[in-house]
Amino acid sequence: MIKLSRITKHFGRQQVLRGIDLTARQGEVVAILGPSGSGKTTLLRCINYLERPSDGEVEIGGFKVDCKHPSKKEIQTLRRKSAMVFQHYNLFKHKTALENVMEGLVVVRKLPKDEARERSAKVLEKVGLGAKLDAYPSQLSGGQQQRVGIARALALEPEVILFDEPTSALDPELVGEVLEVIRRIAKEGITMIVVTHEMGFAREVANHVIFMDEGRIVEEGDPKEIFARPKEERTRQFLKRIT
Ligand code: ADP
């Protein structure tokens with residue numbers, strides 16, 4: 001289970017997050033929606049301390065960190081419980097697909113190389129890239145590169161996978177294959193928090209939708225309910241613009 005309590009974040013004098021509470025149960029898919037600049041990416045990055053929250057608590061799989069005074073060790077332990085899929089894939093350009101997936105397993109998890117290779121090949125197979133193990137990122141389409149990014153996260157077997165707008169850098173014709181892979185993983189019961197502008201995907205795959213604006217959760221609930229009958233005016237306006 002993931003639990004965020006009273007998360008705030010300042011960048012200098014600007015307050016970007018204003019007290020966020022969020023819970024994702026084991027196997028749940030939570031979609032975070034909202035206009036640009038509302039704090040979605042910052043919230044996601046606070047979960048694994050890519051951004052350090054100004055205040056609040058982050059709890060993943062029973063391990064709780066008070067954001068005011070975290071020790072290095074606590075941050076390290078927390079980081080190992082999640083894996084991030086980035087908008088721009090963030091692959092090593094001079095490494096093959098297989099090596100990209102292996103990297104975290106060998107360097108961070110200290111797995112023996114043989115074991116890391118075997119596990120990496122297996123997850124690449126799972127995302128439909130079994131024939132591309134030795135391809136470099138430049139030899140792959142954007143959709144394939146993002147699937148390597150997803151394989152890299154899956155290989156770490158984290159408590160939760162954090163997706164930061166995973167399809168927004170892709171040409172429209174490549175979005176489908178990446179969403180399909182995420183949809184498939186979701187069915188396996190992996191906990192996921194997804195920042196996305198893909199409303200169809202959120203409606204279909206998420207168990208819980210959070211709508212953010214100006215650093216706050218304005219509305220949240222069952223996707224079918226929120227999309228059909230948004231209660232808040234700001235949610236209504238946003239959905240009208242985007243769908
Ligand atoms: P969203 O993902 O909803 O578009 P972000 O979390 O990216 O929103 O950004 C929220 C606000 O925080 C924006 O005003 C943005 O300019 C600001 N912000 C994000 N990252 C930084 C940073 N590293 N330094 C300063 N301001 C930032």
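Each ligand, and each atom within it, is numbered from 1 in the order the structure gives.
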**Prompt:** Could you walk me through whether T235 and E219 pass the side-chain hydrogen bond (donor to acceptor under 3.5 Å, both in side chains) check?
**Reply:** CA-CA 7 Å; T235 319; E219 184 164 359; 2.8 Å; yes
**P35: numbered ligand 1 atoms lying under 4.0 Å from its heavy atoms** = 3 (O)
**Asked** Would a distance-only check, ignoring hydrogens and angles, find a side-chain to backbone donor-acceptor pair under 3.5 Å from E165 to Q87?
**Response** no
**Prompt:** Taking both backbone and side-chain atoms of G37, is any N or O found less than 3.5 Å from an N or O belonging to ligand 1?
**Reply:** yes
**Prompt:** Counting N and O atoms only, with roles assigned by atom type, does the side chain of Q146 sit under 3.5 Å from a partner on the main chain of F86, one being a donor and the other an acceptor?
**Reply:** yes
**Message:** Need the ligand 1 atom indices (1-based, order shown) with element for anything under 4.0 Å from a heavy-atom of T42.
**Reply:** 5 (P), 6 (O), 9 (O), 19 (C)
**Request:** Within a distance under 4.0 Å of any heavy atom of S36, pick out the atoms of ligand 1 and give their elements.
**Result:** 4 (O)
**Request:** Determine if the distance from atom 5 (P) of ligand 1 to the closest protein heavy atom is below 4.0 Å.
**Result:** yes
**Message:** Check for me whether K9 meets the cation-pi criterion with F11, that is, NZ or CZ under 6.0 Å from the six-membered ring centre and within 45 degrees of the ring axis.
**Reply:** yes
**Message:** Tell me whether atom 19 (C) of ligand 1 lies less than 4.0 Å from at least one protein heavy-atom position.
**Reply:** yes
**Item:** Expected output: side-chain R52 to main-chain K68 donor-acceptor under 3.5 Å
**Value:** yes
**Message:** Given 3.5 Å as the limit, does a donor-acceptor pair link the side chain of Q145 with the main chain of Y89, or not?
**Reply:** no
**Message:** Can you confirm whether E180 sits close enough to R183 that some side-chain heavy atom of one is under 4.5 Å from a side-chain heavy atom of the other?
**Reply:** yes
**Asked** Quick one: nearest non-hydrogen protein atom to atom 22 (C) of ligand 1, plus distance?
**Response** F11 CE2, 3.4 Å
**Request:** Select one of side chain, backbone, both or neither to describe which atoms of Q14 lie under 4.0 Å from any atom of ligand 1, heavy atoms only.
**Result:** side chain
**Item:** Option set V16, T41, L50, criterion heavy-atom distance to atom 10 (C) of ligand 1, minimum
**Value:** V16
**Request:** Can you pull out the closest protein heavy atom to atom 3 (O) of ligand 1? Residue, atom name and distance to 0.1 Å, please.
**Result:** K40 NZ, 2.8 Å
**Request:** Check the surroundings of atom NZ in K3: do more than 12 heavy atoms from other residues, nucleotides or ligands lie under 6.0 Å from it?
**Result:** no
**Prompt:** Which protein non-hydrogen atom lies closest to atom 8 (O) of ligand 1, naming both residue and atom, and how far is it?
**Reply:** G39 N, 3.1 Å
**Request:** Run the numbers for me: atoms of ligand 1, each under 4.0 Å from some heavy atom of S38, listed by number.
**Result:** 1 (P), 3 (O), 8 (O)
